[in-house]
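Structure first, commentary second.
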Amino acid sequence: MWVRDRLDGLWRDEDFAGWYPRDGRPGISPAQLATVSGLQFLLGLSDRQAAKAIRCRIDFKYALAMELDDPGFHHSVLADFRERLAQDDRADRLLDLALARLKDAGLVRERTTQRTDSTHVLASVRELTRLELVTEAVRAVLEEVARAGSHLLTGLVGEEWGRRYGRPVRLGKNPTRPKTRILAAGDDACRLLEHLHRHGPAYRPGPQAEALRQILVQHYYRDAAGRLRSRTADDGGLPPSSVAIVSPYDTTARYDRHGHIISWKGFAAHVTETCASDSVNVITDVATTSAATNDGQALPGIHTRLARRALLPAEHLVDGGYTSLVHLERAAREHQVTVSGPLPGNPPRQHRRSEGFDRDDFHIDFDRRQVTCPNGQVSAGWHGPYPTSSPTAAPLIVARFTKSQCQPCPDRSRCTSSSDARNVGFPPRELRDLQIRVRAEQQTPEWKARYAVRSGIESTINECAHGHGMRRCRYRGQPKAHLQHVLTAIAVNIERLSGQPTAEQVPSSRPPTAFQTYLDVNDIPRPKSWRTLGT
């Protein structure tokens with residue numbers, strides 16, 4: 001009701017004109033469907049419950065600008081609309097339109113302070129061991145082929161296959177004869193794909209068949225004699241977690257681990273919100289990435305989308321997972337955004353043990369392309385900058401000293417453990433100056449006071465995860481998971497904004513308790529605040 005009264009709705013039918021064909025039968029209002037989808041995540045309703053609420057609840061009809069006798073629509077329409085939203089970047093476009101309405105109403109503005117943090121998101125799949133993964137992948141293809149054309153299984157599936165794949169596999173972590181069974185499952189997978197390939201044009205591979213093919217490549221290989229072997233870390237090499245499929249039913253989910261406590265299979269959600277002291281906090285961006293993606297890789301995309309929405313912050317508060325010299329320099333150069341967060345360090349052994357010479361103890365002369373050690377020795381070589389394998393790490397310049405310089409040095413044992421000589425690595429001049437300036441600024445009380453505001457994003461993550469179920473995927477696949485996160489962000493914004501008192505309303509104080517009322521009636525003094533208890 002607040003959205004209808006204050007904003008006259010978050011969306012218009014004209015906003016979705018490009019998503020539908022120009023001819024054909026008129027469809028249901030996409031603006032109404034988008035509003036209902038947001039209300040679903042706001043109130044935690046299923047499709048059937050949302051369709052029933054449209055028919056029966058007057059507040060839903062008011063929010064959708066519907067007549068009281070409007071019968072609504074069938075619940076399956078909502079699933080069709082989500083399928084349309086999950087295509088391309090339409091979910092982000094939906095958030096763009098909602099934020100544009102809020103910006104026009106003066107509820108969110110550009111160049112304020114914003115903050116970002118991420119949380120893990122569990123995919124809608126169950127935990128599978130390697131043997132269970134391959135076995136379930138074969139069963140998924142058999143189910144897919146049986147639905148599309150069961151005649152294609154003639155001559156392949158017999159009693160043995162029925163016992164192995166007739167029901168979902170649940171073997172546990174310690175099955176009997178695991179090596180023999182995983183080779184048998186791999187042989188069955190190869191036979192199944194070869195059998196389907198022989199049918200040629202009569203069979204068109206579906207998503208489950210493609211998932212099985214990828215799982216075979218990741219977990220098996222052929223030896224020199226042509227025999228199928230299971231990959232291990234020693235012989236065939238297992239795939240990294242960034243590409244390893246964890247379930248045949250969601251090929252976009254990935255495995256990741258944070259420290260020794262959190263490990264999950266799914267995605268990561270990055271939430272960005274405003275945190276100005278004079279306005280309500282509004283979520284301005286939601287990004288959904290693979291669980292194996294570094295947090296810092298999401299930062300350029302966040303700034304690009306905020307620039308498109310004309311909602312770039314003046315200062316962006318993030319934790320150490322997002323900060324790198326490359327991203328700090330890029331954000332300031334391309335978007336005039338100050339990214340504030342602890343810079344990740346790569347301290348040498350001497351710094352970790354608090355003994356010997358640290359990297360900062362060496363004097364770097366970029367003009368002469370040389371480095372001077374604390375004992376006055378000048379480097380003999382200057383190489384680079386070399387690109388790094390990590391997309392978030394800065395290029396590296398390496399200054400090398402010689403044996404003749406380091407071996408006679410009395411501080412050699414405190415400087416390097418190498419048998420040859422000390423090498424010193426550092427970023428190029430622009431990034432090095434930025435690094436020194438940022439680390440010096442982060443030691444000031446003013447910066448620490450500003451950065452303390454970042455911790456408030458933890459409450460927003462908790463609100464989204466526990467209040468609106470964002471931590472568990474309702475649907476399978478990263479596009480639909482991202483759509484769920486966008487709709488959750490819109491729901492949280494509506495809930496926050498609608499709960500704010502208007503300018504005419506004065507927040508009411510807490511009513512007195514029965515005993516406090518008794519004290520007031522009998523003119524017995526009582527403290528008005530807990531701060532006066534000690535006086």
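- Trp11 and Ile490 make their closest contact through CZ2-CD1, 3.8 Å (heavy atoms, listed as atom of the first residue, atom of the second, distance).
- A donor and an acceptor atom, one from each side chain of Gln114 and Thr284, are located under 3.5 Å apart.
- Ring geometry, Phe362 versus Phe357: the interplanar angle exceeds 60°, so the pair is classed perpendicular (tilted spans 30 to 60°).
- Residues His120 and Asp256 bring no donor and acceptor atom of their side chains to less than 3.5 Å of each other.
- With hydrogens and angles ignored, the 3.5 Å screen pairs a side-chain donor or acceptor of Arg254 with a backbone N or O of Thr251.
- At least one side-chain heavy atom of Ser279 sits less than 4.5 Å from a side-chain heavy atom of Arg109.
- In this structure, Ser498 and Val3 have side chains that are not in contact, with every pair of non-hydrogen atoms separated by 4.5 Å or more.
- You'll find the side chain of Asn281 stays beyond 4.5 Å of the side chain of Thr460, heavy atoms only.
- The closest side-chain donor-acceptor pair between Glu458 and Ser455, if any, does not fall under 3.5 angstrom.
- Of all heavy-atom pairs spanning Asp295 and Ser118, the tightest one is OD2-OG, 3.2 Å.
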Check step by step if salt bridge (charged side-chain N to carboxylate O under 4.0 Å, His left out) holds for Asp285 and Arg308. CA-CA 11 Å; Asp285 185 76; Arg308 185 183 67 205; over 6 Å; no
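- Ser379 contributes no side-chain N or O that, together with a main-chain N or O of Ala399, makes up a donor-acceptor pair within less than 3.5 Å.
- Looking at Gln214 and Pro239, their side chains never come closer than 4.5 Å, going by heavy atoms from C-beta outward.
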Please assess Arg333 against Glu430 for the test salt bridge (charged side-chain N to carboxylate O under 4.0 Å, His left out), listing each intermediate value before the final yes or no. CA-CA 12 Å; Arg333 172 171 46 85; Glu430 297 79 6; over 6 Å; no
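- With hydrogens and angles disregarded, a donor-acceptor distance shorter than 3.5 Å links the side chain of Ser247 to the backbone of Tyr249.
- A pairwise comparison of heavy atoms in His327 and Gly296 identifies CE1-O, 2.7 Å as the closest pair.
- Thr252 is not listed as a side-chain neighbour of Ser290, based on a closest heavy-atom distance of 4.5 Å or more.
- Side chains of Thr372 and His363: no donor on one and acceptor on the other come within 3.5 Å.
- With rounding to the nearest 0.5 Å, the separation of OG1 in Thr488 from CG in Asn493 is 11.0 Å.
- Other residues, nucleotides and ligands place no more than 12 heavy atoms under 6.0 Å from the CZ atom of Arg368.
- Val318 approaches Pro342 most closely through the heavy-atom pair O-CD, 4.0 Å.
- When each of Thr274, Ile457, Thr272 is paired with Arg115, the side chain to side chain contact (heavy atoms under 4.5 Å, CB included) condition holds for Ile457 and for no other.
- The main-chain N or O of Gly477 is found under 3.5 Å from a side-chain atom of Asp250 such that the two form a donor-acceptor pair.
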Assess the residue pair Asp8 and Arg101 against the criterion (salt bridge (charged side-chain N to carboxylate O under 4.0 Å, His left out)); give the C-alpha distance rounded to whole Å, side-chain angles, the decisive distance to 0.1 Å, and a yes or no. CA-CA 9 Å; Asp8 195 24; Arg101 298 286 190 272; over 6 Å; no
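- No side-chain donor-acceptor contact under 3.5 Å links Arg305 to the backbone of Val286.
- For Arg472, the CZ atom counts as loosely surrounded, since its 6.0 Å shell holds 12 or fewer non-hydrogen atoms of other residues, nucleotides or ligands.
- Aromatic pair Tyr322/His316: centroids not less than 6.0 angstrom apart.
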side-chain contact (heavy atoms from CB on, under 4.5 Å) between Val486 and Phe41, intermediate numbers included: CA-CA 10 Å; Val486 167; Phe41 285 83; over 6 Å; no
Determine, step by step, whether Asp96 and Lys103 satisfy the salt bridge (charged side-chain N to carboxylate O under 4.0 Å, His left out) criterion, reporting the C-alpha distance in whole Å, the side-chain angles of both residues, the deciding distance to 0.1 Å, and the verdict. CA-CA 10 Å; Asp96 292 349; Lys103 187 177 181 182; over 6 Å; no
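- With 3.5 Å as the limit, one finds a donor-acceptor pair spanning the side chains of His485 and Thr288.
- Counting heavy atoms from C-beta outward, His303 and Arg330 have side chains that stay 4.5 Å or more apart.
- Using a 3.5 Å distance cut-off with no hydrogens or angles, the side chains of Ser230 and Arg130 do pair a donor with an acceptor.
- For the pair Phe401 and Val424, the tightest heavy-atom approach, listed with the atom from each and the gap, is CE1-CG2, 4.1 Å.
- Two residues are said to be in side-chain contact when any heavy atoms from C-beta on lie closer than 4.5 Å; Asp88 and Arg93 fail this criterion.
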Evaluate Val492 against Met470 for side-chain contact (heavy atoms from CB on, under 4.5 Å), listing each step before the verdict. CA-CA 11 Å; Val492 171; Met470 192 177 73; over 6 Å; no
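- No side-chain donor-acceptor contact under 3.5 Å links Gln442 and Arg439.
- Using a 4.5 Å heavy-atom cutoff, the side chains of Leu7 and Trp2 are in contact.
- Here the closest heavy-atom approach between residue Val282 and residue Leu107 is recorded as CG2-O, 3.9 Å.
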Evaluate the criterion side-chain contact (heavy atoms from CB on, under 4.5 Å) for residue pair Leu306 and Glu110; output intermediate values, then yes/no. CA-CA 9 Å; Leu306 291 177; Glu110 192 176 14; over 6 Å; no
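- In the model, Ser340 has a side-chain atom that pairs as donor or acceptor with a side-chain atom of Glu315 under 3.5 Å.
- Judged by distance alone, the side chains of His270 and Thr116 never bring a donor and an acceptor atom under 3.5 Å apart.
- Rounding to the nearest 0.5 Å places CG of Leu487 at 11.5 Å from CG of Leu42.
- Between the side chain of Glu334 and the main chain of Pro300, no donor-acceptor pair closer than 3.5 Å is present.
- Between the side chain of Arg4 and the backbone N or O of Ala63 there is at least one donor-acceptor pair closer than 3.5 Å.
- Side-chain N or O atoms of Gln405 include one that pairs as donor or acceptor with a backbone N or O of Val378 at under 3.5 Å.
- Classified by interplanar angle (parallel below 30°, tilted 30° to 60°, perpendicular above 60°), the ring pair Trp447/Tyr451 is parallel.
- Once rounded to the nearest 0.5 Å, the distance linking CG of Leu328 with CG of Leu343 reads 5.5 Å.
- Distance check: Asp360 CG to Ile436 CD1 gives 7.0 Å after rounding to the nearest 0.5 Å.
- Taken from CZ in Arg422 to CZ in Arg412, the straight-line distance is 12.0 Å, to the nearest 0.5 Å.
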Pair Arg111-Leu312, side-chain contact (heavy atoms from CB on, under 4.5 Å): steps then yes or no: CA-CA 6 Å; Arg111 297 302 176 182; Leu312 279 170; 3.9 Å; yes
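- Remark: the backbone N or O of Asp367 is paired with a side-chain donor or acceptor of Asp365 at under 3.5 angstrom.
- One distance of note links CG of Asp89 with CG of Leu94; it measures 11.5 Å at 0.5 Å rounding.
- Without hydrogens or angle criteria, Asn423 side chain to Arg400 main chain gives no donor-acceptor distance under 3.5 Å.
- Residues Ser37 and Arg82 bring no donor and acceptor atom of their side chains to less than 3.5 Å of each other.
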